[in-house]
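Data first, discussion second: the structure below is written as structure tokens.
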Amino acid sequence: MSRIGKKAVPVPAGVTATAQDGTLSVKGPKGTLSLAMRDEISYAIESDGIQVQPANDTKQARAFWGMQRTLVQNLVTGVTTGFTKKLLITGVGYRAAAQGRNLKLQLGYSHDVDIAVPEGLEVKTPDNTTVEISGADKQKVGQLAAEIRRWRKPEPYKGKGIKYDGEFIFRKEGKKK
């Protein structure tokens, strides 16, 4: 039995959920998100929330159960509060600047790195060493953060690079004389 899957996903006031044509749609103050429903899982929209149950007793249905419930929870959370990832840039001369729908990064290369911000996401740079990515879709927020981080991963000797807020970088000792 899935401990996560057994719980119903609460739907707060101001959020509506509909299931039709194999798609679960959740609409709230931050927009509309949808999820393709799996055949192995049954979705029931009730007064207390959205109930996710396995449609049959196969191993695959049990495997999808908890994950599908979490994906439904992410839809509801995304349209109510949204998701945010914060990236910290460390290094001499490393900077970030948001310019409209683009993010310009200076990361020690001979050229600036321009990253286009996808639709539905918002990128802010409170200062030139911090990047905040926010949006309703958790997958898109995490994907953009990973793509930005991939340009300069943190290195273990000085800690230079782009890291997530709260990420621990295992530091190594340098050369000894």
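Numbers here simply count residues along the sequence, with the first being 1.
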**Q.** Electrostatic pair Arg62:Asp57 at N-O distance under 4.0 angstrom
**A.** yes
Q) Side chain of Arg101, backbone of Pro118: donor and acceptor closer than 3.5 Å? A) yes
Q | Value rounded to 0.5 Å, distance of CD in Gln106 from CG in Asn128 | A | 9.0 Å
Q.
How close do Ala17 and Ile45 get, counting heavy atoms only, and between which atoms?
A. O-CD1, 3.5 Å
Q. Rounded to the nearest 0.5 Å, how far does OG of Ser34 lie from CG of Leu24?
A. 8.5 Å
Q: Could you tell me the separation between the CG atom of Leu107 and the NZ atom of Lys160, rounded to the nearest 0.5 Å?
A: 10.5 Å
Q) If you count the non-hydrogen atoms of other residues, nucleotides and ligands that lie under 6.0 Å from OH in Tyr109, is the total more than 12? A) yes
Q) Are there more than 12 heavy atoms of other residues, nucleotides or ligands under 6.0 Å from atom NZ of Lys163? A) yes
Q.
Do Thr77 and Phe83 have side chains that approach each other closer than 4.5 Å (heavy atoms only, starting at C-beta)?
A. yes
(Q) Looking at Asp112, I'd like to know if its CG atom is crowded, meaning that more than 12 non-hydrogen atoms belonging to other residues, nucleotides or ligands lie closer than 6.0 Å. (A) yes
(Q) If hydrophobic clusters are built by linking Ile, Leu, Val, Met, Phe, Trp and Tyr wherever their side-chain heavy atoms come under 4.5 Å apart, do Ile162 and Val113 end up in the same one? (A) yes
Q.
Would you say that Thr125 contacts Leu103 through its side chain, given a criterion of any heavy-atom pair below 4.5 Å between the two side chains?
A. yes
Q: Give the cluster check for Val141 versus Leu33: same hydrophobic cluster or not, with ILVMFWY residues linked at side-chain heavy-atom distances below 4.5 Å.
A: no
(Q) If you count heavy atoms of other groups shown closer than 6.0 angstrom to CD of Glu46, is the number above 12? (A) yes
Q.
Side-chain heavy atoms nearer than 4.5 Å, only ILVMFWY residues, links allowed to pass through others: does that put Leu88 and Tyr94 together?
A. no
**Q.** Non-hydrogen atoms of Ala61 and Asn56 that approach each other most closely
**A.** CB-OD1, 3.3 Å
Q. Are Pro10 and Gln73 side-chain neighbours, meaning at least one heavy-atom pair lies under 4.5 Å?
A. yes
Q: Please round to the nearest 0.5 Å and tell me the distance separating atom CD1 of Ile133 and atom NZ of Lys140.
A: 13.5 Å
Q. Do Thr130 and Lys124 have side-chain heavy atoms sitting under 4.5 Å apart?
A. no
Q) CD1 of Ile169 to OH of Tyr164: how many Å apart, nearest 0.5 Å? A) 10.5 Å
**Q.** Nearest atoms (heavy-atom pairs only) where Pro12 meets Val76
**A.** CD-CG1, 3.6 Å
(Q) So which atom in Gln51 and which in Gly5 form the shortest heavy-atom distance, rounded to 0.1 Å? (A) NE2-O, 4.3 Å
Q. Yes or no on side-chain hydrogen bond (donor to acceptor under 3.5 Å, both in side chains) for Thr23 and Asp21, after CA distance, side-chain angles and deciding distance?
A. CA-CA 6 Å; Thr23 305; Asp21 300 329; over 6 Å; no
Q.
When you compare the side chain of Trp65 with that of Lys6, does any pair of heavy atoms fall below 4.5 Å?
A. yes
Table please: side-chain donor-acceptor pairs of residues 142-149 below 3.5 Å, with sequence neighbours left out.
| unit_1 | atom_1 | unit_2 | atom_2 | d |
| --- | --- | --- | --- | --- |
| Gln143 | NE2 | Glu147 | OE2 | 3.2 |
| Arg149 | NH2 | Glu167 | OE2 | 2.7 |

(Q) With clusters defined by side-chain heavy atoms of hydrophobic residues (ILVMFWY) lying less than 4.5 Å apart, directly or transitively, does Trp151 cluster with Leu121? (A) yes
Q: For side-chain contact (heavy atoms from CB on, under 4.5 Å), just list the numbers for Val9 and Arg69, CA-CA rounded to whole Å, side-chain angles, deciding distance to a tenth of an Å, and then say yes or no.
A: CA-CA 7 Å; Val9 177; Arg69 191 258 181 214; 3.8 Å; yes
**Q.** Nearest non-hydrogen partners of Val123 and Ala98, listed with the distance
**A.** O-CB, 3.9 Å
Q: Calculate, to the nearest 0.5 Å, the distance between atoms CG and CG belonging to Asp114 and Leu105 respectively.
A: 8.0 Å
Q: Might you point out which heavy atoms bring Ile4 and Gly66 nearest each other, and give the distance in Å?
A: CG2-O, 4.1 Å
Q.
Could you work out, with side-chain hydrogen bond (donor to acceptor under 3.5 Å, both in side chains) as the rule, every residue matching Asn102, not counting sequence neighbours?
A. none
Q. What residue among Arg38, Gln53, Gln68 forms side chain to side chain donor-acceptor pair (under 3.5 Å) with Tyr43?
A. Gln68
Q. Under a 4.5 Å cut-off applied to non-hydrogen side-chain atoms, are Val79 and Lys27 in contact?
A. no
